[in-house]
Amino acid sequence: MMAYAYLLGAIIFEVIGTMLLPLSKNFTKPIISTVLVLSYCASFYLLTYAIKEIPIAIAYSTWAGLGIFLIALLGYLIYEQTLQWQSVIGLLFIAFGVVIVNTYSLNAHN
């Protein structure tokens, strides 16, 4: 179960790094750019611990899928970016897909 904590941390740091991209102004803001790079480094570092117990395909698809979902949601809430209804449906499919992949992955390990 610790592997999923590492995976969650990896997702959080990846989302932080991505959300800082617009604020870095093409890496011209040194402090923000440094936090951004460190966030990505922390994300990949934690992901390496997650894949020790979780198959890489499951870990990576979860990391990418939940990252996309959270970035789209936070982009809407923080940066006031619009989402069309088709995009919302696609994001829900991603979220459901992550749940399905992880559910059947857990069943395969038992």
Side-chain angles (χ1 to χ4, degrees):
M1 201 43 102
M2 192 64 181
Y4 279 95
Y6 288 126
L7 182 57
L8 179 61
I11 292 165
I12 290 168
F13 278 111
E14 186 259 341
V15 170
I16 290 169
T18 303
M19 294 305 294
L20 290 175
L21 280 170
L23 299 177
S24 75
K25 305 285 187 203
N26 294 334
F27 292 96
T28 59
K29 304 289 183 182
I31 294 173
I32 293 172
S33 297
T34 301
V35 173
L36 183 160
V37 169
L38 291 173
S39 293
Y40 279 130
C41 288
S43 177
F44 284 112
Y45 180 76
L46 292 172
L47 190 59
T48 63
Y49 281 97
I51 63 173
K52 285 183 177 182
E53 294 180 33
I54 304 169
I56 193 167
I58 303 303
Y60 188 75
S61 62
T62 302
W63 179 77
L66 289 180
I68 290 167
F69 183 84
L70 291 172
I71 290 163
L73 179 64
L74 292 173
Y76 174 78
L77 296 173
I78 295 171
Y79 296 120
E80 299 177 354
Q81 297 175 341
T82 59
L83 291 173
Q84 297 177 342
W85 67 269
Q86 297 94 334
S87 299
V88 173
I89 290 173
L91 291 169
L92 290 173
F93 280 138
I94 291 171
F96 290 136
V98 167
V99 169
I100 290 168
V101 164
N102 280 282
T103 299
Y104 285 103
S105 171
L106 292 175
N107 288 341
H109 287 10
N110 294 332

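Computed over heavy atoms, backbone and side chain alike; hydrogens, waters and symmetry mates excluded.
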Minimum heavy-atom distance [X]-[Y], with the two atoms named:
X	Y	value
Leu91	Ala72	CD1-CB, 3.5 Å
Met1	Glu53	N-OE1, 4.3 Å
Trp63	Ala10	NE1-O, 3.4 Å

Counting heavy atoms not belonging to [X], are there more than 12 under 6.0 Å from its [atom1]?
X	atom1	answer
Ile31	CD1	no
Ile56	CD1	no
Tyr76	OH	no
Gln84	CD	no

From [atom1] ([X]) to [atom2] ([Y]), nearest 0.5 Å:
X	Y	atom1	atom2	answer
Ile54	Asn102	CD1	CG	7.0 Å
Leu36	Ile16	CG	CD1	10.5 Å
Ile58	Tyr4	CD1	OH	7.0 Å
Tyr45	Leu38	OH	CG	14.0 Å
Ile71	Gln81	CD1	CD	10.5 Å
Tyr49	Leu7	OH	CG	15.0 Å

Is [X] reaching over with its side chain to a backbone N or O of [Y], donor-acceptor style, under 3.5 angstrom?
X	Y	answer
Ser43	Ser39	no
Tyr6	Ile51	no
Ser24	Leu21	yes

Check the hydrophobic clustering (I, L, V, M, F, W, Y; side-chain heavy atoms under 4.5 Å; chains of links allowed) and say if [X] and [Y] are grouped together.
X	Y	value
Leu66	Phe93	no
Ile94	Val99	no
Ile68	Leu83	yes
Leu77	Leu92	yes

Item to check | Derivation of the side-chain contact (heavy atoms from CB on, under 4.5 Å) call for Thr18 and Tyr40 | outcome: CA-CA 8 Å; Thr18 303; Tyr40 279 130; 2.8 Å; yes
Next on the checklist: Determine whether Phe69 and Val15 satisfy the following criterion, side-chain contact (heavy atoms from CB on, under 4.5 Å), listing intermediate values before the conclusion.
Outcome noted: CA-CA 10 Å; Phe69 183 84; Val15 170; over 6 Å; no
Checklist entry - Heavy atoms, side chains only, cut-off 4.5 Å: are Ile11 and Thr62 in contact? => result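 In short, these two side chains touch, coming nearer than 4.5 Å.
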